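For reference, the structure discussed in these notes is given below.
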Amino acid sequence: MKQKHLAAICLAALIAAGTLGYTAMKMPVPAKAADDCNDDWLHCEGSRIFDKDGNEVWLTGANWFGFNCTENSPHYLWSGDINDLVRDIADHGVNVLRLPVSTELLYNWMIGDPDPIESINPNNDPSYPFNVDLIRADGSVCDSKELFDILLAKCKENGIKAFIDIHSPESNNSGHNYGLWYGKSFTANNGKKVEVTTDVWIETLAWCADAYKNDDTLIGFDLKNEPHSKYGGAPIDAIWDDSDAPNNWKKAAEDCADAILAKNPNALILIEGVEGFEGHGAWWGGNLRGVAKYPVTPKAGTSQIVYSPHDYGPIVSDQSWFHKDFTEKTLLDDYWYDTWAYLVEEDKYPLLIGEWGGKLDDGDNEKWLGLLRDYMIKHHVNHTFWCLNDDSGDTGGLWKDIQFGTTQGADGTITGHTTINWDQKKYETYYYPAIWKTSDTKKFIGLDHQVPLGKNGISLSEYYASSETSNLDGGSKGKHGGSVPIVTTPPQVTTAPPAVTTAPVTTTTAVITTAEPAPGTTTSKLVQPTKWGDANLDTKVDVSDAVLLCRFLVGDASATITDQGIANCRILKQGEPPTSDCVVKIIKYIAKMINPEDLGPEA
């Protein structure tokens, strides 16, 4: 009886608000529901990476740079729509994105004053709808933090995971040339002059880990791109030993890993090498010889540690190991094995080649590309190709050309669309064979348990429920490791509610106060609201919130509201659980029958 009464109230309220026709009382069902179970975190055993159930996974992705640059946004969003680009990335089998950022970018996010995005001109004019999702409700363009959240949301919808890499201390299109994680400065958006110290670098990454700990789209953190020598302007070489020297990358990485894992114990920590170790040189960030003597050992253990060297061919820079008719064996003997390959061949730690790629020359560079491709497939080396965008001067990219245009339908409706031209030879010959996919049907395998990887892929659960094998380990199903429960981190205690943005976000950090819990709740502390009426945590208050709350209150088992969503819906009296009257109040707000400031509860 109570359920029928509540349903009637909700229906009447929705119709009265003018937001729903009587014949249209259907629950909105997205074409492809995003996985919000927060259960896709990964862990490591030996040289392999596993999901929470102990199923082996293979990270086969690509780099998309731009957040590290002065544009504060992924490149080519100036000529392509974000929906089209992310969808196309998934459809080409990229199951993880490495997203370069800067400490400066994270710092400004951390202080609540994000950088504006540059070089993108979103347009919501019906005659030319371009990157409409980047426009706020008031018509202004979103900032860099909002864009990052929108990008993560698009990745989640398409079954793609992501991790960030600190490409440079300051936002700089050539910042990768600087070899240390500290020692640069910038003026923050609040006017403060900031010296990037090791402490600042750690603080920003720990903040980011905490901010996104409830969103398993962002699965890890590459702590610093290519630590290397004084070349590029650093005052001293990055080193790897057991000292407390400020330029000891091993110690800095260990301290940073501790800080991140204290905020999110489920995150992967990707650690690059240095350039030189005990007289042996390597590519920038490529030398992991020091791990054999001085492994990075966080206080929480090494289950989240992935080592991430970079490797390139002779076009980027000629090296002595290319001065012969080189083969896989000679590359292993001359460079690969002692520099990084021993970590997987001796089953010590997982590897993810964070950067590999290059221009096609019908010669030695392509020969190297093929040899590294095959080695990674045979030995289950995870990787992210450098890169998608083609404005990397010494490597080019997987994309060749991106153009946006419109078409007009017979009914006069104008639709925007992006034409994305891939370098077919580079993709089909060198990248596609090293993408994780099923052996028979060639379906791309994603890292999300529920959402398939684009239109040509399947989810992780679908793969492990099938009888198919994959191109992993010579056609095996993959190894099985131990299952590991997802660690739930305690909420952060604070005296002020978090800032509310106007753009969609992909995660909400729980905040607790010292108030007593409301009757019927199971938490020991009351979660503080982030936006009144926002049941589904998309930072907007609309019909979807009213419908979700209505379904939840009538006992619809498929209607899930998080503790944060419940807190946002306690809009009658402070601390009281939501009721049907809360639904009515949300509808009144949507119908502009009450002002925004009146949506919250009575004191």
Side-chain angles (χ1 to χ4, degrees), residues 47 58 60-63 176 225-229 231 240 272-292 307-387 392-398 423-435 471-474:
S47 60
W58 193 18
T60 55
N63 286 264
H176 61 282
N225 181 70
E226 298 180 349
H228 59 271
S229 64
Y231 179 88
W240 191 299
E272 301 186 30
V274 290
E275 182 180 354
F277 179 79
E278 295 184 347
H280 298 280
W283 292 106
W284 290 357
N287 199 330
L288 290 167
R289 289 172 178 262
V291 178
Y307 288 101
S308 186
H310 293 180
D311 203 78
Y312 282 108
I315 281 185
V316 171
S317 181
D318 197 15
Q319 304 291 346
S320 60
W321 46 91
F322 298 128
H323 295 171
K324 61 180 67 175
D325 184 16
F326 59 89
T327 63
E328 179 184 298
K329 185 179 187 308
T330 67
L331 289 173
L332 282 166
D333 291 344
D334 295 345
Y335 180 69
W336 285 352
Y337 192 89
D338 290 338
T339 307
W340 50 260
Y342 74 98
L343 293 173
V344 288
E345 297 219 19
E346 298 174 18
D347 198 31
K348 293 179 179 293
Y349 296 96
L351 286 175
L352 185 148
I353 305 292
E355 293 183 18
W356 70 290
K359 296 179 178 179
L360 305 186
D361 64 347
D362 294 321
D364 281 351
N365 210 61
E366 288 193 51
K367 181 180 178 181
W368 162 82
L369 274 169
L371 291 171
L372 182 58
R373 171 204 63 203
D374 293 344
Y375 183 83
M376 292 190 300
I377 296 170
K378 286 187 294 184
H379 295 276
H380 189 125
V381 176
N382 306 277
H383 61 87
T384 49
F385 194 90
W386 184 273
C387 50
S392 175
D394 54 358
T395 65
L398 288 168
D423 186 324
Q424 290 303 318
K425 181 181 179 183
K426 186 181 290 189
Y427 174 79
E428 293 174 0
T429 305
Y430 300 109
Y431 185 62
Y432 174 82
I435 295 173
N471 57 338
L472 181 69
D473 294 329

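Note that the structure is a prediction, hence the values are computed from the model and not measured. All residue numbers in this chain count up from 1 along the given sequence.
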Closest approach of Tyr335 to Ala282 (non-hydrogen atoms, all atoms of both residues): OH-CB, 3.3 Å
For Val381 against Tyr375, the heavy-atom pair lying closest together: CG2-CE2, 4.3 Å
Trp321-Thr330 side chain donor-acceptor pair, cut-off 3.5 Å: no
Inter-residue atom distance Glu345.CD - Trp340.CH2, 0.5 Å rounding: 9.0 Å
Shortest non-hydrogen contact between Arg373 and Pro433, atoms and distance: CD-CB, 3.9 Å
Any donor-acceptor pair under 3.5 Å from Asn471 side chain to Ile435 backbone: yes
Side-chain touch Phe322/Asp364, heavy atoms, less than 4.5 angstrom: no
Contact summary for Trp58 and Ala434, nearest pair of heavy atoms: CH2-O, 3.7 Å
Side chain to side chain, Arg289 and Glu278, heavy atoms closer than 4.5 Å: no
Check: Trp284 and Asn225 side chains under 4.5 Å, non-hydrogen atoms: no
Nearest atoms (heavy-atom pairs only) where Ser392 meets Cys387: CB-SG, 3.8 Å
Min side-chain heavy-atom separation Asp311-Met376 under 4.5 Å: no
Rounded distance [0.5 Å steps], OG1 in Thr327 versus CG in Leu371: 7.0 Å
Lys367 charged N/C atom sitting above Phe326 aromatic ring, 6.0 Å / 45°: yes
Working for side chain to side chain contact (heavy atoms under 4.5 Å, CB included), residues Asp423 and Leu360: CA-CA 10 Å; Asp423 186 324; Leu360 305 186; 4.1 Å; yes
Whether Asn63 side chain and Phe385 backbone form a donor-acceptor pair below 3.5 Å: yes
Point-to-point distance, once rounded to the nearest 0.5 Å, from CD of Gln319 to NE2 of His323: 8.0 Å
Inter-residue atom distance Thr339.OG1 - Leu288.CG, 0.5 Å rounding: 8.5 Å
Residues Tyr430 and Glu366: side-chain donor-acceptor under 3.5 angstrom: yes
His310 and Glu272: side chain donor to acceptor below 3.5 Å: yes
Pairwise side-chain contact, Thr429 with Leu369, heavy-atom cut-off 4.5 Å (strictly under): no
Note: Lys378-Asp374 ion pair, threshold 4.0 Å (strictly below): no
Give the table of side-chain donor-acceptor pairs shorter than 3.5 Å for residues 347-358, with sequence neighbours excluded, one pair per line with atom names and distance.
| unit_1 | atom_1 | unit_2 | atom_2 | d |
| --- | --- | --- | --- | --- |
| Asp347 | OD1 | Ser47 | N | 2.9 |
| Asp347 | OD1 | Ser47 | OG | 2.7 |
| Glu355 | OE1 | Tyr312 | OH | 2.6 |
| Glu355 | OE2 | Arg98 | NH1 | 3.0 |
| Trp356 | NE1 | His383 | ND1 | 3.2 |

Over 12 non-hydrogen atoms of neighbours within 6.0 angstrom of NZ in Lys329: no
Where Lys359 and Asp394 come nearest, the two heavy atoms and their spacing: CE-C, 4.0 Å
Point-to-point distance, once rounded to the nearest 0.5 Å, from CG of Asp338 to CG of Leu332: 9.5 Å
Tyr337: partners by ring pair (Phe, Tyr, Trp, His ring centres under 6.0 Å), with sequence neighbours left out: none
Distance-only side-chain donor-acceptor flag, Asn287 / His228, under 3.5 Å: no
Gap between atom OG of Ser308 and atom CD of Glu226 - 0.5 Å precision: 10.0 Å
